[in-house]
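Report on the structure given below.
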There are 4 protein chains.
Amino acid sequence: MKDEKPPTRIQKKNREVILDAALEVFSQEGFRGATLDRIAKVAGLSKPNLLYYFSSKDAIHEALLRGLLSTWLDPLRAIDPSGDPVEEIMGYVRRKLALARDYPRESRLFAIEILQGAPRIAPVLSGELRELVDETAGVIDGWAAAGRIAPVDPRHLIFSIWALTQHYSDFDVQIRAVLGDGDPFAGAEIHLEAVFRRILGGGPSLSGVN
Amino acid sequence: MKDEKPPTRIQKKNREVILDAALEVFSQEGFRGATLDRIAKVAGLSKPNLLYYFSSKDAIHEALLRGLLSTWLDPLRAIDPSGDPVEEIMGYVRRKLALARDYPRESRLFAIEILQGAPRIAPVLSGELRELVDETAGVIDGWAAAGRIAPVDPRHLIFSIWALTQHYSDFDVQIRAVLGDGDPFAGAEIHLEAVFRRILGGGPSLSGVN
Amino acid sequence: MKDEKPPTRIQKKNREVILDAALEVFSQEGFRGATLDRIAKVAGLSKPNLLYYFSSKDAIHEALLRGLLSTWLDPLRAIDPSGDPVEEIMGYVRRKLALARDYPRESRLFAIEILQGAPRIAPVLSGELRELVDETAGVIDGWAAAGRIAPVDPRHLIFSIWALTQHYSDFDVQIRAVLGDGDPFAGAEIHLEAVFRRILGGGPSLSGVN
Amino acid sequence: MKDEKPPTRIQKKNREVILDAALEVFSQEGFRGATLDRIAKVAGLSKPNLLYYFSSKDAIHEALLRGLLSTWLDPLRAIDPSGDPVEEIMGYVRRKLALARDYPRESRLFAIEILQGAPRIAPVLSGELRELVDETAGVIDGWAAAGRIAPVDPRHLIFSIWALTQHYSDFDVQIRAVLGDGDPFAGAEIHLEAVFRRILGGGPSLSGVN
DNA sequence: GATGAATGAGAATTCATTCAT
DNA sequence: AATGAATGAATTCTCATTCAT
């Protein structure tokens, strides 16, 4: 009756291969639109073999989201309350934009999930995420109260960071359609740098702008 | 030579009922996730009757998107090149946020479509939308050149407006999970008002904000 | 409670229009392949109106077959026992070929019906048709016994006439594919004229046969 | 680069079972009249399992026709230009009649397909079939020119052979209704033997004809 | 671990027919 | 006499999942 043998190398590798394939497919087609057939083909495995590693389509999706969430929250955790306010926040913006650039599939998967009512991650949102945001909001509030950044609703500031960075991965097609050639992220970096510095205001930086 | 008889009252009403039901379902489940069964149930019609009014699931979806697009572009068209720059842009922000508040289903439908690669509206994006954005960008560029707003990449500014306003409808669940009770849009209005005024700058106007 | 008013002119005309449209469609698509929609469109009437004149799809089909059968049997009835044997039979061949040429849709409709086991006209086949063939077979047998045509199984002779003439309408596509341009019926006439004269013999030619 | 694995035993057997069942059903009901349900029942398989072996109803039908065509053309290919003309042609007649007797379902399937305009095999008809007929027609023409058979249009002669033999399978129901008991093919053999010998001429009998 | 075979539960769509006017 | 509206009963096809090896 022993269970839970440690995963062999093959198991580990295959689970990763499957999750990567699933990410590819789920992020493009949504949960319902994705089929095990396509995931299996992308993964280069047989359909039953998929289900040997994950008990169901749902299980794959869940594993994917679970793995994703920590990656998604980490940059927020990295804000240092004792650092320089503007630089801390700008750092967060940059890390978030980098995530959007480097992991667009993850961003889209997450976006689709939320758009559809977050049926599978609602608990995390009102649990872990909310706590983390509350905490960070406290820090930001402190900075604002101390006059180290312009006054701002810290939660809405965080939403703004999410919105402005993820927009570049989630609405990629639209952005490219409007911009034509060229890397949207190059422009995004410069733009968001300016935008957030203005929003945060802060001593001399304000004066020079404009 | 067209034989198209004008739609009767019943036809008009039922087509509307169906489109409304379809919007409800498509915006929640995506195209693939939506079933005619559910749409029919929401519309209070039988499934074959649905197909009496629209020839296929696809046709319903298309009619929905087509109707949506003009509503979505109108606020951009309303920007007046001869108006006050800051007020014109702020007006656009407000109209866009109102749309997100009042038509969240439409916003989500649109978001899902783009997220999945815009298979059905790509032409509009690189056609009508791009032209409209180009035009507006020209206007904004003029304002910036004249020093009437802070220098800014006009296209990315427009993206920012889209991102920040639609975020409140598209990521509604997440926002509510984080904020708890209360109307997110109330906070959003205040926040975006401040944010965009800072972005657009405007000499002395900064001092008094918030 | 009076019933069965005599059909008005409109009724008569519409029934004919419907039957013609039905012939067109049934002969091309078969019974199951044909749809009331298509028949209605070809007839230029609405679907419910079709069913005002004929109570069901089946009823249309049946009316069609019933009307067809007498046309189909008439040429056989026209054989005159007191006429010249070869000329009587050749006349039948010619009339049958003319039918195939002028009424290919009827021929195909009939063929499809038989091919599918004649579910709707089996009684006629083993009733009226069989009697008529028996009768004609007697006549032919008499001619053969009298040495006025070459000896031949009269029923199989009749089958041969049917087969050789109807082939030109029923397998029209194949024949045209093989022959290329030109009117297949022109060649058919000459060919069948020769073929049947040889089969029936003709004075001296008979001597060596059988 | 082809990945097509060789079919396993089960695959081979099941594909055959399905094709046989499909032949049964398609030849009785036509393409539209046939349902996967009936085919599955006849084959003793579940409906989805049918579609595991053939991707669609159409695919089954196509596989069926494809397999059929070579069988159908082979007897024509077997005519030996260097053989005795009358015996070669009589041999073809006999082989074709045997086919009609032994493979009536195939004959009917083919007939239905042609009757409905040969939507799926038109290319073969005007390609392979036409070439083969042209070739054989050349041989027959040579025989006629050499006076070894009575003069005849070779293509129409071939049509006559097709018509007279296939009639016994395609119009089976009608023939049995007319003949009553007994094997129609027994009579057919004798009849066609005489008929074609007379058509082709043969020694003295030719003298008077034409 | 891996895969060919099989299937039940849907899903979209078609179609003959009925209803109401 | 005619037709717009509506539907129940198929029918084809898809798909997650299971079975057997």
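Bear in mind that the values here come from a model prediction, so they are computed numbers and not experimental data. A note on names: the letters A, B, ... follow the listed sequences, proteins ahead of strands, and every chain is numbered from 1.
Contact annotation: C/Asn49 reaches the phosphate of F/dT3 (side-chain N/O to OP1 or OP2, under 4.0 Å). At F/dT3, none of the side-chain N or O atoms of B/Thr8 fall inside 4.0 Å of OP1 or OP2 (strictly under the cut-off). Between B/Tyr53 and the phosphate of F/dG4, there is no side-chain N or O to OP1/OP2 separation shorter than 4.0 Å. Considering only side-chain N and O atoms, B/Gln11 lies under 4.0 angstrom from the phosphate OP1 or OP2 of F/dA5. Between F/dG4 and B/Asn14, no contact under 4.0 Å exists linking OP1 or OP2 to a side-chain N or O. For A/Ser46 and E/dG4, the shortest distance from a side-chain N or O to OP1 or OP2 is not below 4.0 Å.
For the atom pair B/Phe54 CZ and B/Asn49 CG, the distance stands at 11.5 Å (nearest 0.5 Å). The distance from atom CD of B/Glu106 to atom CG of B/Leu69, rounded to the nearest 0.5 Å, is 11.5 Å.
With salt bridges taken as basic N to acidic carboxylate O contacts below 4.0 Å, one links B/Asp20 and B/Arg105. With respect to the salt-bridge test (charged N to carboxylate O, under 4.0 angstrom), the residues C/Arg32 and D/Glu29 do not qualify. Ion pair D/Arg66/D/Glu62 flagged as a salt bridge, since at least one NZ, NE, NH1 or NH2 atom sits closer than 4.0 Å to an Asp/Glu carboxylate oxygen.
Following rounding to the nearest Å, B/Leu50 (CG) and F/dG8 (C1') show an atom-to-atom distance of 16 Å. For B/Phe54 and E/dA12, the CZ to P distance is 16 Å, given to the nearest whole Å. Atom-to-atom, CG of D/Leu45 to C1' of F/dC19 comes out at 16 Å; the value is rounded to the nearest Å. If you measure from atom OH of D/Tyr52 to atom P of E/dG8, you get 16 Å, rounded to the nearest angstrom. Across the protein-nucleic acid pair, B/Glu29 atom CD and E/dG10 atom P stand 15 Å apart, rounded to whole Å. When rounded to the nearest whole Å, the span between CD1 of B/Ile39 and P of E/dG10 equals 18 Å.
The gap from the C1' atom of E/dG1 to that of F/dT21 amounts to 13 Å, rounded to the nearest Å.
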Nucleotide by nucleotide, 5' to 3', does protein get under 4.0 Å of the base (B), only the sugar-phosphate (S), or neither (-) in nucleotides 10-18 of chain F, counting heavy atoms? -SBBBBBBB
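Between A/His61 and A/Glu113 the shortest side-chain heavy-atom distance falls below 4.5 Å. At a threshold of 4.5 Å between non-hydrogen side-chain atoms, the residues C/Phe110 and C/Ile121 count as touching.
When Watson-Crick and G-U wobble pairs are counted only if both distances are under 3.5 Å, F/dA9 pairs with E/dT14.
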